[in-house]
> 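Pasting in a structure now, in structure tokens, and then I'll have a few things to ask.
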Protein chains: 2
Amino acid sequence: MGTRSIKEVAELARVSVGTVSNVLNRPEIVSPATRERVFQAIRELGFVRNEVARHLRVGRSRTVGLVVLDVSNPFFADVAQGAEGPADEHDTMVVLCNSGADPVRERRHLDQLEQQRVLGILITPVDAASPRLTELAARGTPVVLVDSAASGAQCSVAVDDRLGGRIAGEHLIERGHRRIAFIGGPPSIKQVADRHAGVMSAVEAAGDGVELVACAMPTLSFDTGRRAGERLAAMPPGERPTAAFCANDVVALGFLQAMAARGLRVPADMAIVGYDDIEFAAAAAVPLSSVRQPRELLGRTAIELLLEEVTESERHRHRQVIFQPDLVVRASSEPRRGG
Amino acid sequence: MGTRSIKEVAELARVSVGTVSNVLNRPEIVSPATRERVFQAIRELGFVRNEVARHLRVGRSRTVGLVVLDVSNPFFADVAQGAEGPADEHDTMVVLCNSGADPVRERRHLDQLEQQRVLGILITPVDAASPRLTELAARGTPVVLVDSAASGAQCSVAVDDRLGGRIAGEHLIERGHRRIAFIGGPPSIKQVADRHAGVMSAVEAAGDGVELVACAMPTLSFDTGRRAGERLAAMPPGERPTAAFCANDVVALGFLQAMAARGLRVPADMAIVGYDDIEFAAAAAVPLSSVRQPRELLGRTAIELLLEEVTESERHRHRQVIFQPDLVVRASSEPRRGG
DNA sequence: AGATTGTTTTGAATCGTCTCAAAGACCGGC
DNA sequence: GCCGGTCTTTGAGACGATTCAAAACAATCT
């Protein structure tokens, strides 16, 4: 194998290993002549520092793991992108891990990250209450919850999903809808549960005559949305809800597609509001109304909290940051024609 | 810090460190009684194996890096998902790194991955000809190019982009278009150049009367598509191409949005063909015709090649796998009404 | 020349785990 | 009580980089 060690560099440059290490880490303390000789040897051998050994000795990695529910949801791509800026500045590497909303895979990723002794973990958990998360923190791997509020024992960055759900619900009610569907994923996912609770509170506040039809699906995918859409489309027009609030935009886009396929008009026959306001929402068949979240800001803030925790380790106080969502109204929920 | 070492476990279980290591790695060779005692100690201390130290000793990591051009492009999410299956089976972890098509960031990721001595790297390079890639391989980190054909010195998995471009071009020409725009990204990206060359060859084969208007943009984003769309929309109708072939679907979706915003009808005023056939393509304002790539299969095959290379190390022969794309025709390029 | 101070360089110890030759335990048979 | 043969367990090196006390060297002043 072509990997060279610091020792070989030392031999070639005719200095001790300590000196090579110094050249690598504190070049200013070694004399220009020696330094140059070492650099020369490094170049000649194609030496690449073994970060693993370094990490073992130093005891701290320069990698943080970001575990997301679904890499293929652009929402998470944006969160990841937001995290990369501050990470770069602290020359830290962000690695993305996909749990696919599967507790088993999430577990495996967490195990692996802990075993690798990463600097810390940013995670959108499948189950925020899982003891695994607090265990991690207790054993020395700081964890920041992303898009999910923590209860005090750890840092978190979230958006008020209840509020988001309520805003969406109020908007649809105001537009004259009386029978509203909530297309959600597994209620074990906090975001889903909160958005549901939010829209529910709006419906309840509107009093009699307005009702919510919950449609819990097993996942939060495009296909899920499509299937839910087909199910609703198959209902007799009298019973069918006239509006749907989808737990996220990916689901909403699938739902929208099903409407088109079944010949239902959006928003005339079915109004739709999504969640996240991903870039594609505006570009959909019918531009999608959506509850906007500050995606990049979530990622950015999360990693800042993590780095803060790592730096101040001693006197660190966990913080729970909460952002406010807002509604972006587009064609998919324009005023209904026939009140 | 709450991290325990194998030594502490050994003390508590009153065995030697070697035995603990055996329990961890080859439990069958240690007697049931001792094994149980060790497990007990592990549980009691909350011991988590330090993968870093293990890796240093064993010399081989169980992580592979997947470096992509753009995490927020669902195409790459699907490739990543494809890679995860076989990876799991070899209990290997796939970490996703985003170069954002920026050579500097790509470089930084590669450096970091090499320093971490990962098992190997899957990469969709910004520049496939970069010497960095062969250096890596020469120094012992196997590299498999993804979605980009290698010239023999390494493994690669790709889709025939020239063919894809040609198919798209032929399709539009057959539909009666005589002035076709190619909306591309930086030609330094191999995929873009090949797709361009492909559509160009179709146009040339069609002979006089058909022409290609190349529109090279700096990036391959949604916004790029939108800007290109606006630029074309601003052209006088006589000069304006009647069809656009976009270098990927994300660009195509942006382009489509610009058409809608400027009041141009798709496909009547402007036909569109995208590339990748991401899930959202079918769900767009006007369902998008697109050149389909076997996304998951790309990822799956790439990691299989990598694992193969790692396993057979000695007698490994690099392979270049090439898949065929095919065209999925949807509304955005339906036959033109007025021939 | 010797003492003093400051600058460079050295090299042994260390991080946590794995490996493997060797030692130990145990058993049945004589 | 000893022998040969299985099973188990042991513990002393690695692995590659960092650290830091101490040694070596250089420059300046008496």
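Residue numbering restarts at 1 for every chain, and letters A, B, ... go by the order of the sequence lines.
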> If we count only N and O atoms by modelled type, under 3.5 Å, do the side chains of A:Glu51 and A:His55 hold a donor and an acceptor together?
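Looking only at side-chain atoms, A:His55 and A:Glu51 do not form any donor-acceptor pair under 3.5 Å.
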> Just checking, any donor-acceptor pair under 3.5 angstrom between side chains of B:Asn25 and B:Arg49?
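A donor-acceptor contact under 3.5 Å links the two side chains.
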> Would you mind reading off the distance between A:Ile29 atom CD1 and D:dT18 atom P, rounded to a whole angstrom?
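The distance from CD1 of A:Ile29 to P of D:dT18 comes to 12 Å, rounded to the nearest Å.
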> Looking at every strand, decide which applies to A:Val52 at a 4.0 Å heavy-atom threshold: base, sugar-phosphate, or nothing.
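Nothing, no heavy atom under 4.0 Å.
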> Using a cut-off of under 3.5 Å, enumerate the N/O to N/O pairs linking the protein to nucleotides 16-24 of chain C.
residue	atom	partner	partner atom	Å
C:dG16	N2	B:Ala53	O	3.4
C:dT17	OP1	B:Asn50	N	3.0
C:dT17	OP2	B:Ile6	N	2.4
C:dC18	OP1	B:Asn25	OD1	3.4
C:dC18	OP1	B:Asn25	ND2	3.2
C:dC18	OP1	B:Arg49	NE	3.2
C:dC18	OP1	B:Arg54	NE	2.8
C:dC18	OP2	B:Ser21	OG	3.0
C:dC18	OP2	B:Asn25	ND2	3.3
C:dC18	O2	B:Arg57	NH1	2.5

> Give the rounded distance in Å between these two atoms: CD of B:Glu8 and P of C:dC15.
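Going from CD in B:Glu8 over to P in C:dC15 covers 11 Å.
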> Are more than 12 heavy atoms, taken from residues, nucleotides or ligands other than A:Arg317, located less than 6.0 Å from that residue's CZ atom?
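Check fails, neighbour count at 12 or below.
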> Could you grab the distance from atom CG of B:Asn50 to atom OG of B:Ser5, nearest 0.5 Å is fine?
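Result: 9.5 Å between the selected atoms.
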> At 4.0 Å (heavy atoms only), tell me whether B:Ser31 reaches a base, stays on the sugar-phosphate, or touches nothing.
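The answer is sugar-phosphate, as B:Ser31 gets under 4.0 Å only of primed atoms, P, OP1 or OP2.
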> Without decimals, in angstroms, what is the distance between B:Glu28 CD and D:dT6 P?
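About 19 Å, once rounded to whole Å.
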> Phosphate oxygens OP1/OP2 of D:dT8: is one of them under 4.0 Å from a side-chain N or O of B:Thr19?
no
> Rounded to whole Å, how long is the line connecting atom CD of A:Glu11 with atom C1' of D:dG16?
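So the CD-C1' distance, A:Glu11 to D:dG16, works out to 13 Å.
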> Could you check how far NE2 of B:His55 sits from C1' of D:dA17, rounded to whole Å?
14 Å
> Is a donor from one side chain sitting under 3.5 angstrom from an acceptor on the other, for A:Thr92 and A:Arg62?
yes
> Are B:Gln40 and B:Glu44 close enough that a side-chain donor and a side-chain acceptor fall under 3.5 Å?
yes
